[in-house]
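What follows is a set of notes on a single structure, which appears directly below.
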Amino acid sequence: MDKSMLAGLESLPEADQQRMAAMMEQVQIRDSLRMYNSLVEKCFTDCVDTFKHKSLQKQEESCVKRCAEKFLKHSMRVGMRYAELNQGAATQD
């Protein structure tokens, strides 16, 4: 866990800091799984049309690749923007 995420918790006892770190890690894992599941569901729904073949057809495969790249780029941009806004709010205090 990144120590900067625990910056506001220095005043807590060590045991509480460790519990908070564990909780924050679990939240990060849960959010990562949600993002992955959303990606899979969206790209599958948008790109896979038929179940006539065992594997993806070329156009389905390229669609899934484009969809995943777009989804991940969007998620990264949202995360960067959120960090920018969060940093701006912290400097105003």
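Residue Val40 shares its hydrophobic cluster (ILVMFWY side chains chained together at separations under 4.5 Å) with Tyr36. Val64 belongs to a hydrophobic cluster whose remaining members, ordered by chain and number, are Phe44, Val48, Phe51, Leu56; membership requires side-chain heavy atoms of ILVMFWY residues under 4.5 Å apart, directly or through intermediates.
Judged as a side chain to side chain donor-acceptor pair (under 3.5 Å), not a single pair has a partner in residues 58-75 (not counting sequence neighbours). Under the salt bridge (Lys or Arg N to Asp or Glu O under 4.0 Å) criterion, the residue pairs touching residues 31-57 are Lys42-Asp46, with sequence neighbours excluded.
With sequence neighbours excluded, the residues forming a side-chain contact (heavy atoms from CB on, under 4.5 Å) with Leu33 are Ile29, listed by chain and number. Applying the side-chain hydrogen bond (donor to acceptor under 3.5 Å, both in side chains) criterion to Arg81, with sequence neighbours excluded, gives Glu84.
With Cys43, the cysteine Cys63 has an SG gap of 2.5 Å or longer.
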Test side chain to side chain contact (heavy atoms under 4.5 Å, CB included) applied to Gln18 and Glu14, step by step: CA-CA 6 Å; Gln18 290 176 352; Glu14 183 67 28; 3.4 Å; yes

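Side-chain contact between Met24 and Gln28: absent, with no pair of heavy atoms (C-beta onward) separated by less than 4.5 Å. The closest side-chain heavy-atom distance from Gln26 to Met23 is not below 4.5 Å.
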